[in-house]
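The block underneath contains the structure these notes are about, expressed in structure tokens.
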Amino acid sequence: MRAVFMHGDHDIRVQDVPDPVLASGPSASGRDAIVRVVASCVCGSDLWGYRGVRGGGERRMGHEFVGVVEQIGDAVGTVKVGDFVIAPFYVCCGECANCRNGVSTSCLRGGWWGAEVKDEGYADAGQGERVRVPLADGTLVVVPGGEPDPALVPGLLTLSDVMCTGHHAAVSGGVREGSTVAVVGDGAVGLSAIIAARRLGATRIVAMSRHESRRRLARDFGATDVVPERGDEGIARLKEMFGGIGPDVVLECVGTKESMDQALRSARPGGQVGFVGVPAGGPELPVQQMFSTNVGVRGGVAPVRGYIEELLPEVLDGRIQPGRVFDTELPLSEAAEAYAAMDERRAVKVLLRP
């Protein structure tokens, strides 16, 4: 089979690798499955390694995929051969204390795609033709009705990460009926956060965006206003729009020093920042500033497995259409172009089909 590898800065290659197999032998738990990938994608967080900022070096790539179950281990009870499934961007058991507490990203038995998963062996990365999934019952979410209409696949794929991550930003920020919200970041996660904020009842949502195509999509998703300014100018504009004090909630969906600074200084006194941008350098939180303004910060790596089943019916019936963040689709063989297109901001998010 073919799979995508990173070999260093701006060096993406598609290579042949052995087909995955179910674990065997006396130590095998029998809780794994083999999934044929129908669609995967490139994530904005993949670009940090691609650019040499963090997490580079030679490795297999991809942590978002949907597909069809081809084989299951003897101990798999919920997932069946032939099921169409969504894989969150990590492996989890669904049974340990952290999973039960809603923080499945800290699963005591789980791990990450493209890495060893504790006692369960290697979990193949998602940008490939097939994936061995450890802890299949806890990790995979079955889409009812079998393989869906191809038009639904992009929306279902967003539930593996970006839509649920945007939702986590909104939940962490405390968005509720009547909230005023600003979203820092106009990538796939930021755009998904707009969907989430509208869904949770925000009455005014400001998208911070300079890119015309992304601004149009933000408005389609529910943004009531668009602000192109950044830094001090952007902060001043937001405060002016909201009574001189700023919005109730700011959703930080980038992960840089500048984006977090803008979020913290934009929220009204007593407001909240919900952050999900993968940190890419910057100072510690400014505690004195937060003390003075009573602005809170909550968020982190999104436990998306716990959100998929909540959002899935609304993707299936069209109430939300996060699949529109995919503005480019390429075959797996053109993965290098997919990375370049996102890196150069020629694409919001690229879907890959094996």
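Just the heavy atoms: all of them, side chains too, but no hydrogens, waters or symmetry mates, feed the values below.
- Ser213 contributes atom OG, which lies 13.0 Å from atom CZ of Arg346 (distance to the nearest 0.5 angstrom).
- Screening residues 133-159 for side chain to side chain donor-acceptor pair (under 3.5 Å), with sequence neighbours left out, gives no hits.
- A distance-only check finds no donor-acceptor pair linking the side chain of Lys239 to the backbone of Gly246 [under 3.5 Å].
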What donor-acceptor contacts under 3.5 angstrom involve side-chain atoms of residues 100-112, with partners at least two apart or in another chain?
unit_1 : atom_1 : unit_2 : atom_2 : d
Arg100 : NH1    : Glu95  : O      : 2.6
Asn101 : ND2    : Ala97  : O      : 3.1
Ser104 : OG     : Tyr90  : OH     : 2.6

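- Across every non-hydrogen atom of Asp32 and Ala23, the tightest pair is OD2-N, 2.7 Å.
- Across Glu64 and Cys43, no two heavy atoms sit closer than the pair OE1-CB, 3.0 Å.
- No single ILVMFWY cluster, assembled from side-chain heavy atoms under 4.5 Å apart, contains both Val38 and Val142.
- Shown here are the side chain to side chain donor-acceptor pair (under 3.5 Å) partners of Ser192, two or more places apart in sequence or in another chain: there are none.
- Within the structure, every pair that satisfies the side chain to side chain donor-acceptor pair (under 3.5 Å) test and touches residues 221-230, not counting sequence neighbours, is listed here: Arg204-Asp225, Glu229-Arg237.
- Phe291 is not listed as a side-chain neighbour of Pro286, based on a closest heavy-atom distance of 4.5 Å or more.
- Ser160 contributes a side-chain N or O that, together with a main-chain N or O of Leu157, makes up a donor-acceptor pair within less than 3.5 Å.
- Here the closest non-hydrogen pair linking Val162 and Ala188 is CG1-CB, 4.0 Å.
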- Task: Step by step, work out the side-chain contact (heavy atoms from CB on, under 4.5 Å) result for Arg132 and Ile34.
- Result: CA-CA 5 Å; Arg132 176 182 173 267; Ile34 305 298; 3.9 Å; yes
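- With rounding to the nearest 0.5 Å, the separation of CZ in Phe65 from CZ in Phe89 is 13.0 Å.
- Put simply, the side chain of Ser172 does not reach to within 4.5 Å of the side chain of Val276, judged on heavy atoms.
- For Asp327, there are no salt bridge (charged side-chain N to carboxylate O under 4.0 Å, His left out) partners at least two apart in sequence or on another chain.
- Here the straight-line distance linking atom CG of Asp161 with atom NE2 of His63 works out to 4.5 Å at 0.5 Å rounding.
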- Task: Test side-chain contact (heavy atoms from CB on, under 4.5 Å) on Gln262 and Val254 and set out the steps.
- Result: CA-CA 11 Å; Gln262 180 159 315; Val254 182; over 6 Å; no
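- Screening residues 305-326 for side chain to side chain donor-acceptor pair (under 3.5 Å), with sequence neighbours left out, gives His168-Tyr307, Arg199-Glu310, Arg199-Glu314, Asp220-Arg324, Arg305-Glu309, Asp317-Arg319.
- Side-chain contact between Gln127 and Asp46 is present, with heavy atoms from C-beta onward closer than 4.5 Å.
- Sequence neighbours left out, the pairs with a member in residues 66-79 that pass side chain to side chain donor-acceptor pair (under 3.5 Å) are Glu70-Arg130.
- No donor-acceptor pair closer than 3.5 Å links the side chain of Glu58 to the backbone N or O of Met6.
- When side chains are defined from C-beta on, Val171 counts as touching Leu200, because their heavy atoms get closer than 4.5 Å.
- Between Arg210 and Asp186 there is no salt bridge, since none of the side-chain N atoms of the basic residue sits less than 4.0 Å from a carboxylate O of the acidic one.
- Partners of Tyr339 by ring-ring contact (aromatic ring centres under 6.0 Å, His included), not counting sequence neighbours, listed by chain and number: Tyr50.
- Residues Leu156 and Pro148 meet the side-chain proximity criterion, which asks for heavy atoms closer than 4.5 Å.
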- Checking side-chain contact (heavy atoms from CB on, under 4.5 Å) for the pair Val304/His167: CA distance, chi angles, key distance, verdict? CA-CA 9 Å; Val304 305; His167 180 67; over 6 Å; no
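- Here the closest heavy-atom approach between residue Val273 and residue Ala263 is recorded as CG2-O, 3.7 Å.
- In summary, the side chains of Glu252 and Ser259 do present a donor paired with an acceptor at a separation below 3.5 Å, with no hydrogens or angles considered.
- To the nearest 0.5 Å, the span separating OG on Ser40 from CG on Leu332 amounts to 6.0 Å.
- Between Asp261 and Arg265, at least one side-chain N (NZ, or NE/NH1/NH2) sits under 4.0 Å from a carboxylate O, which counts as a salt bridge.
- Of all heavy-atom pairs between Gly155 and Pro322, the closest is O-CG, 4.3 Å.
- The distance from the CG atom of Leu159 to the CD1 atom of Ile320 is 6.5 Å, given to the nearest 0.5 Å.
- For the salt bridge (charged side-chain N to carboxylate O under 4.0 Å, His left out) test, no residue two or more places apart in sequence or in another chain qualifies with Asp119.
- With sequence neighbours excluded, no residue forms a salt bridge (charged side-chain N to carboxylate O under 4.0 Å, His left out) with Glu116.
- Linking Ile, Leu, Val, Met, Phe, Trp and Tyr whenever their side-chain heavy atoms come within less than 4.5 Å puts Val141 and Met163 in one cluster.
- Following chains of ILVMFWY side-chain contacts shorter than 4.5 Å, one can reach Val181 starting from Ile195, so the two form part of one hydrophobic cluster.
- Hydrophobic clustering (side-chain heavy atoms under 4.5 Å, transitive across Ile, Leu, Val, Met, Phe, Trp, Tyr) keeps Val35 apart from Ile86.
- Arg36 CZ to Glu129 CD: the interatomic distance, rounded to the nearest 0.5 Å, is 10.5 Å.
- Take Pro144 and apply the side-chain contact (heavy atoms from CB on, under 4.5 Å) test, not counting sequence neighbours, and it matches Leu312, Leu316.
- A heavy-atom distance below 4.5 Å is found between the side chains of Phe275 and Met260.
- Among residues two or more places apart in sequence or in another chain, the ring-ring contact (aromatic ring centres under 6.0 Å, His included) test is passed with His211 by none.
- More than 12 heavy atoms of other residues, nucleotides or ligands lie within 6.0 Å of CZ in Arg51, so this atom counts as buried by the packing criterion.
- Residues Val14 and Val4 share a closest heavy-atom pair of CG2-CG2, 4.2 Å.
- Counting heavy atoms from C-beta outward, Cys93 and Leu135 have side chains that approach closer than 4.5 Å.
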- Start with the C-alpha distance between Gln272 and Asp248, add both sets of side-chain angles, then the distance that settles side-chain contact (heavy atoms from CB on, under 4.5 Å), and finish with yes or no. CA-CA 7 Å; Gln272 183 80 12; Asp248 300 323; over 6 Å; no
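- At a threshold of 4.5 Å between side-chain heavy atoms, the hydrophobic network of Ile, Leu, Val, Met, Phe, Trp and Tyr places Leu352 and Val325 in two separate groups.
- Within a 6.0 Å radius of CZ in Arg268, other residues, nucleotides and ligands contribute more than 12 heavy atoms.
- Few gaps surround CD on Gln15; more than 12 heavy atoms of other groups in view lie less than 6.0 Å from it.
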